[in-house]
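A short worksheet on the structure shown next.
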Amino acid sequence: MGLTALEFYSGIGGMHYALQLAAPAAAVLDAFDINHSANRCYEHNFGKAPKQVDIEHMTAAQLDAYAADLWLLAPPCQPFTRQGAQLGAQDNRSRSFLNLLDRIPAMRSPPRFLLLENVVGFEASDMQQLLMQCLAGAGYHAAEFMLTPLQYGIPYSRPRYFCLASKQPLPVVLPANLLAEMWVPDAVLARHAEVVDVVSSASCSCNCFTKAYGKLARGAGSLLATVEDPGSVDPRWRLLGGTAPLRAFDRESLAAAWQQLRPRYFTPAEIARLHSFPQQFGFPGDMTPRQCYKLLGNSLSVAVVADLLRFVLLSGSPDASAVDA
């Protein structure tokens with residue numbers, strides 16, 4: 001068998017898709033997640049549901065039984081987010097990841113590679129220190145990155161922390177590589193005129209979409225102007241686009257400007273594309289947009305992870321030939 005992987009905290013399968021891009025011959029032996037909706041979506045796209053088990057109680061013997069070459073990890077981010085209490089390793093939601101770190105030194109056949117994704121803030125946490133100590137003690141070479149899809153030519157700002165680990169030295173250089181229900185109500189634009197972000201089809205980037213998209217206006221993701229040329233509708237577009245401070249307008253003027261742009265919410269499918277999920281990716285038919293937004297807000301950028309996987313799999317692996325050049 002070629003390269004094999006385990007996918008922890010699998011969500012809707014972003015890591016799986018990234019692995020398919022980076023090493024098409026690789027196989028995901030099993031995925032693990034406790035979110036029922038995410039598992040349904042994963043099964044809908046991959047034909048096999050993740051195991052809904054408590055990672056906190058997995059043993060070294062259970063992990064050894066897989067003899068997987070690669071671990072893909074996206075542990076809960078709430079202990080490290082700016083909006084949370086930032087309890088790090090002391091947060092109960094970190095216990096499952098701590099268990100995995102404890103198991104690695106006790107395994108007979110630990111993975112040769114690891115890839116971890118988390119939010120900005122993880123790099124300054126006590127959990128990052130515990131991770132680095134574990135990897136060094138187990139004989140891994142590690143590298144850390146702060147990356148966003150913008151660096152890959154994708155018009156989407158989603159900065160995230162990544163850690164790669166390999167039993168072999170890592171390469172020195174990272175390879176380069178409308179729907180009616182979507183309209184934003186005028187009342188929302190009027191109430192949140194100062195904080196909404198509206199982009200157009202010509203924009204070079206948009207803000208990060210969180211699981212609160214469609215529910216919260218501040219910091220949850222961009223809206224899309226549906227007029228072909230926003231500047232032709234309201235000359236203030238250029239000012240609103242960043243060449244003048246928002247304080248130049250009162251709330252009423254701002255709301256009027258936004259309303260003329262006829263903004264709508266991005267659809268779940270569009271956000272999935274910005275996450276670099278493939279065209280064939282989809283959600284189960286009975287999932288609501290709200291459920292899809294929540295799942296996407298907890299997902300990751302497939303393109304970024306795929307490039308990192310290509311990077312770590314080049315670190316002297318016998319399977320390096322399976323990686324696309």
Side-chain angles (χ1 to χ4, degrees), residues 1-11 13-16 18-20 22-23 25-34 50-51 53-76 79 88-89 93-118 122-123 125-145 161-171 174 300 305-323:
M1 181 181 290
L3 186 81
T4 59
L6 291 180
E7 190 177 7
F8 298 93
Y9 318 97
S10 51
M15 290 280 196
H16 195 147
L19 183 60
Q20 288 182 348
V28 174
L29 301 177
D30 258 325
F32 308 93
D33 205 294
I34 60 172
K51 292 190 173 179
V53 301
D54 189 350
I55 297 173
E56 181 183 346
H57 296 109
M58 294 186 78
T59 66
Q62 288 176 308
L63 296 167
D64 264 323
Y66 287 102
D69 301 302
L70 167 68
W71 282 11
L72 303 170
L73 304 129
R93 290 166 291 195
S94 294
R95 288 160 63 174
S96 61
F97 184 46
L98 286 169
N99 180 61
L100 291 177
L101 295 184
D102 287 342
R103 296 295 171 244
I104 289 175
M107 293 177 64
R108 296 190 308 275
S109 301
R112 291 184 290 139
F113 310 104
L114 295 96
L115 185 150
L116 179 140
E117 179 263 1
N118 216 286
F122 182 94
E123 78 285 355
S125 70
D126 57 350
M127 184 64 82
Q128 183 270 351
Q129 297 177 25
L130 293 172
L131 171 64
M132 291 297 111
Q133 291 170 12
C134 169
L135 295 175
Y140 288 94
H141 301 265
E144 298 174 282
F145 304 91
Y161 166 90
F162 294 93
C163 176
L164 302 178
S166 172
K167 287 289 188 177
Q168 300 293 326
L170 290 161
L174 183 67
L300 47 80
V305 175
D307 216 43
L308 288 169
L309 284 169
R310 293 187 185 100
F311 177 63
V312 72
L313 296 178
L314 288 172
S315 59
S317 166
D319 297 300
S321 59
V323 182

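- Under the 3.5 Å distance criterion, the side-chain polar atoms of Asp64 are left unmatched by any main-chain donor or acceptor of Met107.
- Using a 4.5 Å heavy-atom threshold, the side chains of Pro110 and Tyr140 count as touching.
- Listed for the Lys167 side chain is no donor-acceptor partner under 3.5 Å among the backbone atoms of Pro111.
- The CG atom of Leu100 sits 5.5 Å away from atom CH2 of Trp71, with the distance rounded to the nearest 0.5 Å.
- Atom CG of Asn118 sits about 10.5 Å away from atom CG of Leu300, to the nearest 0.5 Å.
- Taken from CG in Leu309 to CE in Met15, the straight-line distance is 7.5 Å, to the nearest 0.5 Å.
- Looking at every heavy atom in both residues, Asp33 comes nearest to Pro50 through N-CB, 4.2 Å.
- In this structure, Tyr9 contributes its side chain and Phe97 its backbone to a donor-acceptor pair below 3.5 Å.
- The two residues Ala22 and Ala306 come nearest to each other via the heavy atoms CB-O, 3.4 Å.
- Atom CG of Leu130 sits about 9.5 Å away from atom OG of Ser94, to the nearest 0.5 Å.
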Walk me through whether Asp54 and Ile34 qualify under side-chain contact (heavy atoms from CB on, under 4.5 Å).
CA-CA 7 Å; Asp54 189 350; Ile34 60 172; 5.7 Å; no
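- In this structure, the ring of Phe162 has its center no less than 6.0 angstrom from the ring center of Phe311.
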Trace of the side-chain contact (heavy atoms from CB on, under 4.5 Å) decision for Leu19 with Leu115:
CA-CA 11 Å; Leu19 183 60; Leu115 185 150; over 6 Å; no
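- A donor-acceptor pair under 3.5 Å links the side-chain atoms of Asp69 to the main chain of Thr4, judged by distance alone.
- Taking CG of Leu313 as the start and CZ of Arg112 as the end, the distance is 8.5 Å to the nearest 0.5 Å.
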Worked check of side-chain contact (heavy atoms from CB on, under 4.5 Å) between Cys163 and Leu135
CA-CA 11 Å; Cys163 176; Leu135 295 175; 3.9 Å; yes
Run Tyr161 and Leu116 through side-chain contact (heavy atoms from CB on, under 4.5 Å) and show every step you take.
CA-CA 8 Å; Tyr161 166 90; Leu116 179 140; 3.7 Å; yes
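- Using a distance-only test at 3.5 Å, with no hydrogens or angles considered, a donor-acceptor pair links the side chain of Ser125 to the main chain of Gln128.
- Not a single donor-acceptor pair under 3.5 Å links the side chain of Glu7 to the backbone N or O of Val28.
- For the pair Ser166 (side chain) and Phe113 (backbone), a donor-acceptor distance under 3.5 Å is absent.
- Taken from SG in Cys134 to CD in Gln129, the straight-line distance is 14.0 Å, to the nearest 0.5 Å.
- A donor-acceptor pair under 3.5 Å is formed between the side chain of Arg103 and the backbone N or O of Met58.
- Looking only at distances, a side-chain donor or acceptor of Asn99 sits under 3.5 Å from a matching main-chain atom of Ile55.
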